[in-house]
Structure formats: structure tokens, C-alpha cells
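A short worksheet on the structure shown next.
Worth saying up front: this structure is predicted, and the values here are computed from it rather than measured. As a basis for the values below, the full set of heavy atoms in this structure was taken, side chains included, without hydrogen atoms, waters or symmetry mates.
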Amino acid sequence: MPDTITPDPRRWKALIFIALAQLMVVLDATIVNIALPSAQKALHISDGNRQWVITAYALAFGGLLLFGGRISDLWGRKNAFVTGLLGFAAASALGGAAANGPMLMGARALQGVFGALLAPSALSLLAVMFTEAKERAKAFGVFGAIAGAGGGVGLILGGLFTEYLNWRWTFFVNIPFAVVAAAGALATIRETPGSRNSARLDIPGVVLATLGLVSLVYGFTRAESNGWTAGGTIGLFVAAAVLLGSFVALEARVKAPLLPLRVVASRNRAGVYASLGLASIAMFGLFLFLVYYLQVVRGYSPVKTGLAFLPMIATMITGSTQIGARLMTRVAPRWLMTPGFVLAAVGMLLLTQIGLDTSYTTGILPGLMIMGLGMGTAFMPAMSLATHGVQARDAGVASAMVNTSQQVGGAIGTALLNTIAASATTAYAKSHLAGATSKQLLVFQSMVHGYKVAIWWAAGILTLSALLALVLINVGHDSGASPAASGDGEDAEDFVPVMAH
């Protein structure tokens, strides 16, 4: 029987609190990076263990996203959303009050657990609350802008708190975000009758998917520190392949799968997941190198580094709300995503021209602004299409797949591009050692060369993302009610056919 979704009369008020929660989760991915050196010094964390402050969050968040999405469908999206918010706030309080390294790492893992419940429920709430095409475009425009710009906001807040207050505030800041969003959600979100998936929980699927994703994310983390050919690294990748392969085989047979294969069998949703994952590889890697370039090579303070990303955030919001949202009901998604990713790649190519004394205004700012505009334009229709066409009972797990592709992409991007940069840096230093007039100057020249090589790779990966969007996504523009509203279709093929244009 089709799922009938009645639009929530308070959906626009609810959007404020959903967006606030999304901002909290996304900015948390970068805000801690800026504060990590100060936290490491205060808690006497060794250089070998400091990566676990980041890795503990990534493993828990990336590994449990599918489980969180299924719990959202089972409990109800509102219940999962509020529980995720309050749990994230409690974990943040624990992190801010950490007395030693293990306590901080444990708090980060808990943040990842509740983030894995919160992120899919937030996106799936939008999928079932906004079903009319123009309303959906506006709502996902806001959500896409926040998803894209939140990392930059985290860099700014991380710099401000670290420089003027204390690293602990990078955790404590989550508490008011979470409390306000939870109170607002309780007051404005109405749970839609009949939209839950009450099927029995697929425990074997949960175990296989969680262990497989954890092995994959941890494999890339180990590759960055231990090398790609290390026995432990290869073992983790092999384990991930076996576990995830077994998961897919299991999901094709069980009656109530954790991830119904109908969700990912769609050519269009598969295209969105793949292109977003590749785009995340490029974006996460670029953020990493630009932060190091600005702080280490150019000597920017944490605050100045964060502020340097502000123009990119502005153009990303413009691309999402003024281009993507306005054109989504008139233009097929691939004709927004493909040009958007290409434009972002052009912005990255401009950033390959950086040098030891590159002017921010003429050498960095244009690339950042162009990249932000492109990513904002592409992210918005991608977020909408990823959940468009799924039945309401599958909205949580479809949303989890969006977050999974971005999280796994981010882990791959950080490890892969950092390895490429390190190799290029070492090679440059060796080849120019004989003619070097200053050892310190050679160090900086080598670093900049490594960053430039990695950014070239990031631009290439982003171009591949654009190509995948062009080839795989073949639906027309969203001109009517969401299939998720009616349950009529399993896929976004309910859009206007592309051939009609």
C-alpha cells in the first residue's frame, strides 16, 4: 500500500532546527582539527596517538551510518533526531571536560556514534517533509549550502576559540546548538503516521556493514601513517572487501535487509553516491593542504586561516540557494551537478599556481570563490536526488548512504592526497638538495610543490566526479511531488524524462 505523506504545516520552522543540527555535525568535522595542537599539548598526547582524536570519530561515524539510518526508519525520524542531538551534546560535554587523552578519544568516538544516528535522520526528515517540487528545492538548497559550507565555518570557529578562548570550547559550542535544535524539533516536527519501517532489525547485516566500513575507513587511515603496502594496511582492505561483499550477498537474500538493494540499485542514486564520494575526496584533501599552506608556509594565525575561507562559504551558499535551488525545478540534475563539479575543478586548478609568496587576493581568493560556487551548485541537486524516489520507509537508510559516501570519501581523500603530497615533497627535496642555498627555503619549496601536486590530483578527481554525474544521472528536472510522498516509485525516474527537453 502506498505511503501517504501529508505535508507538515510546521515544516518551515522545523527546517531551521534541522539545518542547525546539520551545521553542528558538519562543522564538528573540522573545528577540532584547528584545536588539536592545543589539546594535544594540554593533555600530553603523544604524536603517535594524536591521530586517534580524529580517527575515533571517523571510525564510529563512518562505520555506524547505515545502522543509524535503519534505526531512524525503525524508531521514527523525529525520535532518532532528538536522541542523536542529546547524545551528541553529552559526548561533546565529555570531550570538553576531558582530563586526559583516552577520555578525549572516547568522547570523540561517542560523538561519532550519535552523529551516525543524527545525520541520516536529519536528511530523511527533509525527504519526507518537503514533497512539493519548489518547496523541496528551497529546503534542499538550505541543507546543501550548510552541508557544503559547514566545514569552512568549523575552521573559522576553531580558530577563534583556540586563539581567544580555549580548545575546550570547540566541544562545548555543540551543547547550545544541540539543545536548541532538540527543543525546536520537539515543538515543530510531527511524526508522519505509517512512515516507519517496523521490520525486524537485520543484526547480521549490521555487524557486516559496520565492521566492513570500519575496516575500510581505518585502512585508509593506516595507509596514511604506515604506507599503502604495509601488511596491516593490506589486511584491512582485504577484510573490508570480504565483509562488504558478504554484506551485499546477505542483503540480497534476507527478508528485511539493513540496506534494501532497491535503494542503491537505482542508476541515478548510484550516480549521486559515487559523484559525491569522489567530490568529498577532493574537497577534504584540499581543505587539509590549504590550512597547512596558509599556517605553515604563509604564517597565518588560526583565526586568519579560518577567515580566509569565508568568501568560499559565501559563494557556496550562493551556488546552493540562488542557482541550484532556483534551477532545480527547470533543469535536469546532471546539468547542475556536472557544470558545478567542473567549475569547482577549475577553481582548484587556479590554486595549483600557489607559491611561497602568493598574494591571497590575486592568487588564492579567485580559486576559492569559483570552487565554492561550483560545489554549492552541485551539492544542492545531489542531496535532493539522493533521497528522491525512495519510499518513506527507506528514507533513513537512503540518507545514510549519502553521508556514508561523503564520510568514506573524506577518509580516502585525507589519506590518499596526503600520501601523494608527501611523496612529491620528498622527491622534490632530494632532486633539489644539491643546488639549495638554504635548507629552510628548500623545506618550504618542497612542501608547496607537494601541495600543488596533490591539488592537481584533487582537480582530476573532481573532473571524474563531473563525468560520472553526466553519464550515470539521466533523470529530468523535479517538476512535481516527490515520489517519496506517494510511494508510487522506487526510483527518481518519476522526474520528467530528460528526452523531453
Side-chain angles (χ1 to χ4, degrees), residues 25 29 51-71 105 108-109 111-113 115-117 119-120 202-252 257-259 261 263-264 269-285 288 386 397-420 457-458 461 464-465 468:
V25 171
Q51 66 163 331
W52 282 102
V53 178
I54 306 300
T55 304
Y57 179 85
L59 290 179
F61 188 69
L64 293 171
L65 271 166
L66 281 176
F67 183 42
R70 180 65 181 86
I71 290 294
M105 295 166 198
R108 288 289 284 164
Q111 280 186 315
V113 170
L117 180 62
D202 173 21
I203 299 298
V206 170
V207 174
L208 287 173
T210 301
L211 291 179
L213 287 171
V214 166
S215 295
L216 184 62
V217 173
Y218 189 39
F220 279 102
T221 302
R222 282 285 298 269
E224 182 182 2
S225 56
N226 295 4
W228 295 90
T229 58
T233 303
I234 295 173
L236 284 166
F237 285 139
V238 170
V242 171
L243 289 165
L244 293 176
S246 301
F247 171 70
V248 172
L250 175 70
E251 299 306 275
L258 171 69
L259 174 62
L261 295 185
V263 172
V264 292
R269 276 194 293 277
V272 169
Y273 297 147
S275 60
L276 276 181
L278 286 172
S280 297
I281 290 176
M283 285 292 289
F284 272 73
L288 176 70
V397 75
S399 303
M401 278 301 298
V402 179
N403 289 282
T404 299
S405 66
Q406 290 179 299
Q407 185 66 24
V408 172
I412 293 172
T414 302
L416 175 64
L417 294 178
N418 198 49
T419 302
I420 290 170
W457 275 85
I461 292 168
L464 179 59
S465 179
L468 285 179

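- The backbone N or O of Tyr57 sits nowhere less than 3.5 Å from a side-chain atom of Arg108 that would complete a donor-acceptor pair.
- How far CZ of Phe67 is from CG of Leu117: 9.0 Å, rounded to the nearest 0.5 Å.
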Legend entry - side chain to side chain contact (heavy atoms under 4.5 Å, CB included) between Leu278 and Leu468, worked out: CA-CA 9 Å; Leu278 286 172; Leu468 285 179; 3.3 Å; yes
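- Val207 places none of its side-chain heavy atoms less than 4.5 Å from the side chain of Phe247.
- Side-chain atoms of Thr210 come within 3.5 Å of backbone N or O of Val206 as a donor-acceptor pair.
- With rounding to the nearest 0.5 angstrom, the CG atom of Leu276 is 7.0 Å from the OG atom of Ser465.
- Heavy-atom minimum distance, Gly115 versus Pro120: O-CD, 4.1 Å.
- Taking CH2 of Trp228 as the reference point, atom CZ of Phe237 lies at 5.0 Å (rounded to 0.5 Å).
- The CG atom of Leu250 sits 12.0 Å away from atom CG of Leu243, with the distance rounded to the nearest 0.5 Å.
- Distance CG/Leu244 to CG/Leu208: 8.5 Å, rounded to 0.5 Å.
- In terms of heavy atoms, Ala109 sits closest to Ala60 at O-CB, 3.3 Å.
- One N or O on the side chain of Ser275 and one on the backbone of Val272 form a donor-acceptor pair closer than 3.5 Å.
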